[in-house]
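Owing to the predicted nature of the structure, the values given are computational and were not obtained by experimental measurement. Start at 1 with the first residue, then count along the sequence.
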Amino acid sequence: MEQLLKQIEDIKKEITAAEAANAAALEEFRIKYLGTKGLVKQIMGEMKNVPNDQKKEFGQILNAFKIVAEEKFEALQAGLGDSAAIDTGMDFSLPGDPTPVGTRHPLNLVRNQMVSIFKRLGFAVAEGPEIEDDWHNFGAMNLPEDHPARDMQDTFYVEEKTADHSAWLLRTHTSSTQARVMESQKPPIRVICPGRVYRNETISARAHCFFHQIEGLYIDKDVSFADMKKTLLYFTKSMFGDEAKIRLRPSYFPFTEPSAEVDVSCTICNGKGCNVCKYSGWLEIMGCGMVDPNVLENCNIDPEIYSGYAFGMGVERIAQLIYQVNDLRLYSENDWRFLKQFSSETF
Ligand code: 2NL
């Protein structure tokens, strides 16, 4: 007994004096005193040799001894702080490796900017399906059954017309979404439809089998051609700067009458003449017109009460004027050398 008590006192002194400079030394301490083959367990094992009448007293001494070892371990651990967990030899205070976050796509940058201008003018945003039936894409838009745009050469068909369903196709313009809005809402309607559209074209620098459009529609009582001109001028100035001018040239679309093509004064030379505008001073940016009465009727809007204007433009075309990208294929090749050039843009 005497000997055992002395041994406990000696180990206690050792424990009290112990130090741990790092996680490895702390682990050594734990194994030596508190491990399954450690000294605390060993001494506990001596309990069986203690005479019965002394077991209670000895038990208390042993318990206190164990607590001394455990408390010391905790104190050493606390002293080492976080580094006690695992000593990896790494300096966690060093700055981390940067995480690449990607960039916004130039077409999304331009689309967002265009949408925000029209939102300021009170236009709502509507989206619709890219796979359409031929009524919403063509019929409602006043394109007759034999119109060349419906040709397989121009339109991608997903399903041919059968006895129980119309033809399904990849929409060739977002007017199909405007038709859906007109069918389901009552005037006043003031909406823009951004989205991807498809045409059966051979891919080149100047043509692609898909591109992006924003079409707009305003229907109310007494909507005039002048209202349309003022809206499109506001849009153009917001997009290209206050010095930008517009010019309307008479044109033809099956869904509007009268119709016009809209040019903006060259965004590079401001109308003086340069390579980009081929020395004409003007660049074509959109089509527009007063919504044809047939189109209103097709969508259950009474042309005797309501009138409206509509317009459409290509997002790639506007992006080309802003960024001088002259090859349409760049937009969909996902080439990082192209995309990263837009990393500083925040829109
Ligand atoms: C273009 C397209 C235009 C429209 C598009 C339209 C027509 C109706 C209803 C809703 Cl009836 N949207 N879109 C109207 C006039 C011209 O041009 O991309 N031109 C370059």
Side-chain angles (χ1 to χ4, degrees), residues 106-107 109-121 123 141 149 172-175 178 190-195 197 199 201 204-208 211-218 223-292 295 307-328 330-331:
L107 293 179
L109 291 166
V110 172
R111 193 250 347 255
N112 291 352
Q113 218 175 319
M114 293 165 77
V115 167
S116 123
I117 295 167
F118 284 113
K119 275 188 175 171
R120 245 182 285 154
L121 288 168
F123 283 81
M141 282 297 128
T172 60
H173 48 197
T174 58
S175 311
Q178 323 243 29
R190 206 196 274 123
V191 75
I192 53 164
C193 299
V197 301
R199 296 195 188 165
E201 303 253 10
S204 71
R206 267 174 233 94
H208 209 287
F211 61 98
H212 301 81
Q213 261 197 327
I214 293 187
E215 289 197 80
L217 175 70
Y218 180 30
V223 175
S224 72
F225 200 91
D227 295 335
M228 176 175 75
K229 262 172 73 175
K230 191 70 214 219
T231 301
L232 298 181
L233 179 63
Y234 177 84
F235 166 78
T236 310
K237 283 178 176 288
S238 308
M239 201 71 214
F240 298 106
D242 209 39
E243 63 292 348
K245 294 184 188 58
I246 60 167
R247 173 177 88 171
L248 273 68
R249 285 177 288 110
S251 185
Y252 173 79
F253 300 109
F255 26 81
T256 47
E257 179 60 34
S259 307
E261 226 101 36
V262 182
D263 298 337
V264 61
S265 50
C266 180
T267 52
I268 303 295
C269 65
N270 204 12
K272 289 184 191 62
C274 70
N275 232 345
V276 172
C277 61
K278 306 263 159 40
Y279 298 93
S280 73
W282 297 97
L283 299 159
E284 191 180 309
I285 50 167
M286 59 178 121
C288 67
M290 301 307 289
V291 181
D292 191 285
V295 173
S307 60
Y309 64 74
F311 54 88
M313 57 193 131
V315 180
E316 279 82 350
R317 174 70 182 147
I318 305 293
Q320 182 192 20
L321 298 180
I322 292 174
Y323 297 119
Q324 274 88 58
V325 174
N326 54 14
D327 189 331
L328 280 176
L330 287 165
Y331 289 122

F240 and I318: CA distance, side-chain angles, deciding distance, side-chain contact (heavy atoms from CB on, under 4.5 Å) verdict: CA-CA 9 Å; F240 298 106; I318 305 293; 3.9 Å; yes

Is there a side-chain contact between [X] and [Y] in this structure, where contact means two heavy atoms from C-beta onward sitting under 4.5 Å apart?
X    : Y    : answer
E261 : F253 : yes
M286 : I214 : no
F211 : R199 : yes
Y234 : R120 : yes
F255 : H173 : yes
M228 : C288 : yes
Y218 : V291 : no
L321 : R317 : yes

side-chain contact (heavy atoms from CB on, under 4.5 Å) between D263 and E284, worked out: CA-CA 4 Å; D263 298 337; E284 191 180 309; 3.6 Å; yes

Trace of the side-chain contact (heavy atoms from CB on, under 4.5 Å) decision for Y309 with T231: CA-CA 10 Å; Y309 64 74; T231 301; 3.0 Å; yes

Pairing residues for D292 by the salt bridge (charged side-chain N to carboxylate O under 4.0 Å, His left out) criterion, not counting sequence neighbours: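 So D292 forms no salt bridge (charged side-chain N to carboxylate O under 4.0 Å, His left out) with any residue.
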
Any idea which heavy atoms bring [X] and [Y] closest together, and the distance?
X    : Y    : answer
V191 : Q178 : CG1-OE1, 3.7 Å
L107 : A319 : CD2-CB, 4.0 Å
A260 : L248 : CB-CD2, 4.0 Å
Q320 : V325 : CG-O, 2.9 Å
L217 : A310 : CD1-CB, 4.1 Å
C277 : S280 : O-OG, 2.8 Å

Quick one: does [X]'s side chain have a donor or acceptor within less than 3.5 Å of a partner on [Y]'s backbone?
X    : Y    : result
D227 : S224 : yes
S238 : I117 : no
S265 : A244 : no
S204 : A207 : yes

Hey, what do you get for [atom1] ([X]) to [atom2] ([Y]), rounding to the nearest 0.5 Å?
X    : Y    : atom1 : atom2 : answer
S259 : E257 : OG    : CD    : 5.5 Å
M239 : M114 : CE    : CE    : 6.0 Å
H208 : L330 : NE2   : CG    : 10.0 Å
I285 : R247 : CD1   : CZ    : 11.5 Å
L121 : K230 : CG    : NZ    : 10.5 Å

Whether over 12 other heavy atoms sit under 6.0 Å from K237 NZ: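 More than 12 within 6.0 Å, yes.
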
side-chain hydrogen bond (donor to acceptor under 3.5 Å, both in side chains) between H212 and E316, worked out: CA-CA 7 Å; H212 301 81; E316 279 82 350; 2.8 Å; yes

Check against side-chain contact (heavy atoms from CB on, under 4.5 Å), L283 and V264: CA-CA 5 Å; L283 299 159; V264 61; 4.1 Å; yes

Aromatic plane relationship, F235 with F118 - under 30° parallel, 30 to 60° tilted, over 60° perpendicular: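 The rings of F118 and F235 lie parallel, inter-plane angle below 30°.
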
